[in-house]
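For reference, the structure discussed in these notes is given below.
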Amino acid sequence: MELSNVILQGLKEGVDRHWRYTKNFLKVKPEYLLTVSVADKISNCGFNQTSGFELSVQLEHTTGRIIGDIWEKNLEFKNLMKPDLKWGRHHHSLFKPTVKWPTRRGKVDIYIQNEYCDESYIVELKNFNPSNRGIKEDLQRLKEFLDITPKTSPLKSCFLAFPSTEDKQKSLNRCAQEYGSSNFCISTEIQYEITGEDPEHGIPAYYCNIVIMTRYF
């Protein structure tokens, strides 16, 4: 099963769990419940023929640690084995990192590492009906992550997922065009979920949305 499908299933289970707790579909409080549900689904099911036992699924992972992981795979050895190599604070060091930082730092919701094939993934989640500004801010940061060292970074894909009461296909397609890059492909998927609830007590249906950004290799 593709990782995007696992994320969508976890998102649905998070919404369903919150309904069982509170009988309220329109806002999941705490939003962290969605993150835990998606992380559980990934850890239990795995994806792309990879068992969950082979994955490290980390919540609230800092951008600094992600950049550090990319940095380790992107060491540019400089002046190595040169006979005139000199050491001092005004000279080049043995190696030089060539990665940049995203403009917005902080933490990502879920960071997945597959150490067996040296691949990693970022998953961001939002609550029901996020603002267009919030969606664009997350997509911009994910784009910056994928634009970092496209040939050597272990980061393979980034995902942004959220539930909504309205069909977001057109707006997400516009975002896909706006945040595209020569380093990765971007696509969207939407699943329509029927709850069977009366409109007076909840919502009869909602959408699970996901934006997928996958690096070209």
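Quantities reported herein were computed from a predicted structural model and do not represent experimental measurements.
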Quiz prompt | Short side-chain to backbone donor-acceptor contact, Ser171 and Lys168, under 3.5 Å | solution = yes
Practice problem: Rounded to the nearest 0.5 Å, what's the gap from OG1 on Thr63 to NZ on Lys107? Could you check? | Solution: 10.0 Å
Exercise. Kindly indicate whether the side chain of Asn48, heavy atoms from C-beta on, has any atom under 4.5 Å from the side chain of Glu2.
Key: yes
Quiz prompt | Lys12 vs Gln191, side chain to side chain contact (heavy atoms under 4.5 Å, CB included): CA-CA, chis, key distance, verdict | solution = CA-CA 10 Å; Lys12 177 182 181 302; Gln191 289 186 3; 5.9 Å; no
Exercise. Please report the shortest heavy-atom distance between Gly46 and Val6, naming the atom on each side.
Key: O-CG2, 3.5 Å
Quiz item: Looking at side-chain heavy atoms only, is the closest gap between Asn114 and Lys156 below 4.5 Å?
Solution: no
Quiz item: Do Tyr192 and Tyr206 pass the ring-ring contact (aromatic ring centres under 6.0 Å, His included) test, and can you show the C-alpha distance, the side-chain angles, and the key distance before you say yes or no?
Solution: CA-CA 6 Å; Tyr192 185 64; Tyr206 66 95; 8.5 Å; no
Quiz item: Salt-bridged, Arg133 to Glu137, with N to O below 4.0 Å?
Solution: yes
Practice problem: Name the orientation class of the two ring planes belonging to Phe159 and Tyr121 (parallel below 30°, tilted from 30 to 60°, perpendicular beyond 60°). | Solution: tilted
Quiz item: So, does Arg215 use its side chain to make a donor-acceptor pair with the main chain of Leu155 at under 3.5 Å?
Solution: yes
Self-check item: Residue pair Gln58 / Ser56, side-chain donor-acceptor N/O under 3.5 Å
Solution: yes
Practice problem: Kindly give the heavy-atom pair with the smallest separation between Gly14 and Ser37, and that separation in Å. | Solution: CA-OG, 3.2 Å
Quiz prompt | Distance-only polar pair, side chains of Ser120 and Tyr111, donor-acceptor under 3.5 Å | solution = yes
Exercise. With the side chain counted from C-beta on, respond yes when Val38 and Ile42 share a heavy-atom pair under 4.5 Å apart, and no when they do not.
Key: yes
Self-check item: Distance in Å, Ile122 CD1 paired with Leu146 CG, rounded so as to fall on 0.5 Å steps
Solution: 7.0 Å
Quiz item: To the nearest 0.5 Å, how far apart are SG in Cys175 and CG in Leu139?
Solution: 5.5 Å
Practice problem: Output the distance between atom OG (Ser157) and atom CG (Leu142), rounded to the nearest 0.5 Å. | Solution: 11.0 Å
Exercise. I would like to know whether Gln113 and Glu119 meet side chain to side chain contact (heavy atoms under 4.5 Å, CB included); could you show each step before the answer?
Key: CA-CA 6 Å; Gln113 291 178 293; Glu119 292 179 352; over 6 Å; no
Practice problem: For residues Tyr207 and Pro163, determine if any side-chain heavy atom of one lies less than 4.5 Å from a side-chain heavy atom of the other. | Solution: no
Quiz prompt | Side-chain touch Asp109/Val123, heavy atoms, less than 4.5 angstrom | solution = no
Quiz item: For Ala205, does its backbone N or O pair with a side-chain atom of Glu193 as donor and acceptor, under 3.5 Å?
Solution: no
Self-check item: Rounded distance (nearest 0.5 Å) linking atom CD of Gln9 with atom OG of Ser4
Solution: 10.0 Å
Quiz item: If you measure from CD on Gln169 to OG1 on Thr188, what distance do you get to the nearest 0.5 Å?
Solution: 4.0 Å
Quiz item: Under the 3.5 angstrom rule, does the side chain of Asn5 hit a backbone N or O of Met1 as a donor-acceptor pair?
Solution: no
Self-check item: Stepwise side chain to side chain contact (heavy atoms under 4.5 Å, CB included) test for Lys41 and Ile7
Solution: CA-CA 7 Å; Lys41 197 68 179 179; Ile7 294 171; over 6 Å; no
Practice problem: State, with a plain yes or no, whether a side-chain heavy atom of Ile110 is found less than 4.5 Å away from one of Leu125. | Solution: yes
Quiz item: Partners of Tyr116 by ring pair (Phe, Tyr, Trp, His ring centres under 6.0 Å), sequence neighbours excluded?
Solution: none
Self-check item: Residue from Asn127, Asn209, Asn129 passing side chain to side chain donor-acceptor pair (under 3.5 Å) with Ser164
Solution: Asn209
Quiz item: So among Ile210, Val211, Asp167, Ile186, which one has a side-chain contact (heavy atoms from CB on, under 4.5 Å) with Leu172?
Solution: Val211
Quiz item: Do any pairs count as a ring pair (Phe, Tyr, Trp, His ring centres under 6.0 Å) and have a residue in residues 160-184, sequence neighbours left out, and if so which ones?
Solution: none
